[in-house]
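Inspection log for the structure reproduced underneath, given as structure tokens.
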Amino acid sequence: VSTQSTWGWNLLSMNQDNLIRNFSSTKLIFKALWLTHTDVEIINCSASGPGGQSVNRSNSKVHVKIHIGSCKYMDDDAKSRLRELYSKRINKEDYLFTYNEDTPSAIMNRKAAMMELQNMIEHANVIPEIVEKVEYKETPATRLKRLESKRRKSYMKSLSRVDF
């Protein structure tokens, strides 16, 4: 098992297809995907908001984008689900965009943006379950019970009304 560190995560892997990501703070282990710097484009630019001159001078805002058509981590169904789920974050060239400017540190913003991008791709890789709707048929006894409670509530409200 090789151990590598990418974006602050401890990555334990037998191969790229079966990757396990170990969160050092919460000690949760689950199967995840493998995103590297070669798969995504990372752009730093100046952030907006409070912070004075340091916001204007430092490039702490991070834009991360990945090309959906050439993404090797998803099949065609997952790519179509990704396009459907995040249609507002995809441009005409078929790039999925995300950005982060929450912290003054570009490294922390890069970690957060990469984690958000990975969560989007993992969310699209999940195949949704098709749940059949069961039609509810009200029985005569429950119908009478419901109507009786409505009558009781209506009567109580009529007693509390005051005519001026």
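Nothing fancy with the numbering, it's 1 onward along the sequence.
Put simply, Met108 and Val40 are part of two different groups of oily side chains (I, L, V, M, F, W, Y) that touch within less than 4.5 Å, one to the next. Hydrophobic clustering places Ile90 together with Ile66 (ILVMFWY residues linked when any side-chain heavy atoms are closer than 4.5 Å, directly or through intermediates).
Atom CG of residue Leu82 and atom OG of residue Ser87 lie 10.0 Å apart, to the nearest 0.5 angstrom. With rounding to the nearest 0.5 Å, the separation of CE in Met114 from CD1 in Ile42 is 5.5 Å. To the nearest 0.5 angstrom, Thr103 atom OG1 is 9.5 Å from Lys111 atom NZ. Taking CG of Asp75 as the reference point, atom CD1 of Ile127 lies at 7.0 Å (rounded to 0.5 Å).
Applying the salt bridge (charged side-chain N to carboxylate O under 4.0 Å, His left out) rule to pairs touching residues 126-141 yields Glu138-Arg146, sequence neighbours excluded. The stretch residues 76-86 participates, sequence neighbours left out, in these salt bridge (charged side-chain N to carboxylate O under 4.0 Å, His left out) pairs: Arg83-Asp94.
Annotation: side chain of Asn125 is not in contact with side chain of Glu122 (no heavy-atom distance under 4.5 Å).
Taking the six-membered ring where the residue is Trp, Tyr86 and His123 present perpendicular rings, their angle passing 60° and hence far from 30°.
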Point to revise | Working for side chain to side chain contact (heavy atoms under 4.5 Å, CB included), residues Asn44 and Arg110 | key: CA-CA 9 Å; Asn44 288 355; Arg110 181 181 298 143; 3.8 Å; yes
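His67 places a side-chain N or O within donor-acceptor distance of the main-chain N or O of Glu93, the cut-off being under 3.5 Å. Judged purely by atom type and a 3.5 angstrom limit, Asn109 has no side-chain atom pairing as donor or acceptor with the backbone of Val62. Ser154 places no side-chain N or O within 3.5 Å of a backbone atom of Arg151 that could act as its donor or acceptor partner.
In the displayed structure, Leu159 atom CG is contacted under 6.0 Å by more than 12 heavy atoms of other residues, nucleotides or ligands.
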